[in-house]
J.: 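One structure coming up, written as structure tokens, with questions to follow.
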Amino acid sequence: MCFADLVSTNRQPAARLSTLVESVTGAEQFDNVPGGIVTVTAHVGNWELAGRLLANRLARRTHVVVSPEEAPELERWVRRDGEGMRFVPRAHPGVGLELLAALRRGEVVALQADRALGNGGDVWIPFFGVPAPFPLGPFLLAGAARAAVVPAFCVLDRRYRYAVSIATPITVRRGEEEAGARAWVALLESVVREHPTQWFNFFDVWNPFGCRA
């Protein structure tokens, strides 16, 4: 259901999307954040639905950082620019400077922070009691821009309608980016524990690159 909605909702206007949502909690968190915002989410529920709804509510341009798809011909079905959202490939040259400039203009940068990249930008953090790699990039970006990190999730509730929740902003100071990442992972663990079947993670999160014996 989530994957079917992932395709269909990205082709509908924001006004139509709101009819799929049962509740939104914590939206006021965004109102109390000055300047640019780094919002992080995970491959949980219908993450892009949350992004479109929040972009519409904030009335700020939202830059969604994405990985290049293995099948580029599917892009038009799962991602569509418009209504305040712009998708930015992570491999795009100069993407870091571009996103930093956007945050300094008071715009929003949205990233998924539950999958390691397999490079020097990963940090190992306990996840369900065992260290796992997670990307540090969102927190480095927030620290450089002096922007708050605001976690957001969109999951199906028991009535098969979507519940959007926005958590308390994570303050990231220069030199303390790993502390911000640890706060995020602790929150992610609680969401996965509550909605284990809605976390679309199809590999060994503790050993995603086959490095361990």
J.: Given side chains that start at C-beta, do those of Val205 and Trp199 come closer than 4.5 Å, heavy atoms only?
T.: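 When only atoms from C-beta onward are counted, Trp199 and Val205 do touch, with a gap below 4.5 Å.
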J.: Between atom CH2 of Trp206 and atom CH2 of Trp124, what is the distance when rounded to the nearest 0.5 Å?
T.: 11.5 Å
J.: Provide the full list of side-chain hydrogen bond (donor to acceptor under 3.5 Å, both in side chains) pairs with a residue in residues 34-43, sequence neighbours left out, each pair given once.
T.: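 Non-adjacent pairs meeting side-chain hydrogen bond (donor to acceptor under 3.5 Å, both in side chains): His43-Gln112, His43-Asp114, His43-Arg115.
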J.: For Gln29, check side-chain contact (heavy atoms from CB on, under 4.5 Å) against everything at least two apart and list the hits.
T.: Ile166, Thr168, Pro169
J.: So, for Arg174 and Glu177, which heavy atoms are closest and what is the spacing to 0.1 Å?
T.: CA-OE2, 3.6 Å
J.: On a heavy-atom basis, which atom in Val33 and which in Ala148 lie closest, and how many Å separate them?
T.: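 Looks like CG1-CB, 3.8 Å.
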J.: Enumerate donor-acceptor pairs with a distance under 3.5 Å from any side-chain N or O in residues 180-187 to protein atoms, sequence neighbours excluded.
T.:
| residue | atom | partner | partner atom | Å |
| --- | --- | --- | --- | --- |
| Arg182 | NE | Glu178 | OE2 | 3.3 |
| Arg182 | NH2 | Glu178 | OE2 | 3.1 |
| Trp184 | NE1 | Ala113 | O | 2.8 |

J.: Honestly curious: do Val192 and Val130 fall in one hydrophobic cluster under the side-chain, below-4.5 Å linking rule?
T.: yes
J.: Please answer: with hydrophobic residues joined when any side-chain heavy atoms are less than 4.5 Å apart, are Leu100 and Leu136 in the same cluster?
T.: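 Result: yes, single cluster for both.
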J.: Got a sec, which residues hit side-chain contact (heavy atoms from CB on, under 4.5 Å) with Glu194, two or more places apart in sequence or on another chain?
T.: none
J.: I'd like to check Asp122 versus Leu117 (side-chain heavy atoms, cut-off strictly below 4.5 Å). Are they in contact?
T.: yes
J.: Which heavy atom in Phe153 sits nearest to a heavy atom in Ala42, and how many Å separate them?
T.: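 Taking Phe153 first and Ala42 second, the nearest heavy atoms are CE2-CB, 4.2 Å.
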J.: Looking at every non-hydrogen atom in both residues, tell me the closest pair between Phe200 and Gly45 and how far apart they are.
T.: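 Looks like CE1-O, 3.4 Å.
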J.: Are the side chains of Phe139 and Val123 in touch, meaning some heavy atoms are under 4.5 Å apart?
T.: no
J.: So how far is it from Arg104 CZ to Leu99 CG, rounded to the nearest 0.5 Å?
T.: 12.0 Å
J.: Do you know which two heavy atoms are closest between Val150 and Ala167, and how far apart they sit?
T.: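 Nearest heavy atoms, Val150 then Ala167: CG1-O, 3.9 Å.
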J.: Does the pair Val88 and Val64 meet the rule for a side-chain contact (heavy atoms from CB on, under 4.5 Å), with working shown?
T.: CA-CA 6 Å; Val88 183; Val64 182; over 6 Å; no
J.: Within a strict 4.5 Å, meaning less than it, do heavy atoms of the Asn46 and Tyr162 side chains meet?
T.: yes
J.: Which residues satisfy the ring pair (Phe, Tyr, Trp, His ring centres under 6.0 Å) test with Phe128, sequence neighbours excluded?
T.: none
J.: Please list, chain by chain and in numerical order, all residues satisfying side-chain hydrogen bond (donor to acceptor under 3.5 Å, both in side chains) with Glu176, sequence neighbours excluded.
T.: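 If we apply the side-chain hydrogen bond (donor to acceptor under 3.5 Å, both in side chains) test to Glu176, skipping adjacent residues, there are no hits.
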J.: Consider only side-chain heavy atoms of I, L, V, M, F, W and Y, link residues closer than 4.5 Å, and tell whether Val95 and Leu97 are in one cluster.
T.: no
J.: Taking the side chain as everything from C-beta on, heavy atoms only, tell me whether Gln198 gets closer than 4.5 Å to Leu156.
T.: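 Sidechains of Leu156 and Gln198: in contact.
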J.: Can you name the salt bridge (charged side-chain N to carboxylate O under 4.0 Å, His left out) partners of Glu107, sequence neighbours left out?
T.: Arg105
J.: Looking at residues at least two apart in the chain, or sitting in another chain, which of them share a side-chain hydrogen bond (donor to acceptor under 3.5 Å, both in side chains) with His195?
T.: none
J.: Taking salt bridge (Lys or Arg N to Asp or Glu O under 4.0 Å) as the cut-off, I'd like each qualifying pair that reaches into residues 135-161, sequence neighbours left out, listed once.
T.: Glu22-Arg159, Glu22-Arg161
J.: OH of Tyr160: more than 12 outside heavy atoms within 6.0 angstrom?
T.: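 Counting neighbours around OH of Tyr160, 12 or fewer heavy atoms of other residues, nucleotides or ligands fall under 6.0 Å, so no.
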J.: Does the pair Thr25 and Val164 meet the rule for a side-chain contact (heavy atoms from CB on, under 4.5 Å), with working shown?
T.: CA-CA 6 Å; Thr25 58; Val164 178; over 6 Å; no
J.: Quick one, Leu141 and Leu103 - any side-chain contact, counting heavy atoms below 4.5 Å?
T.: yes
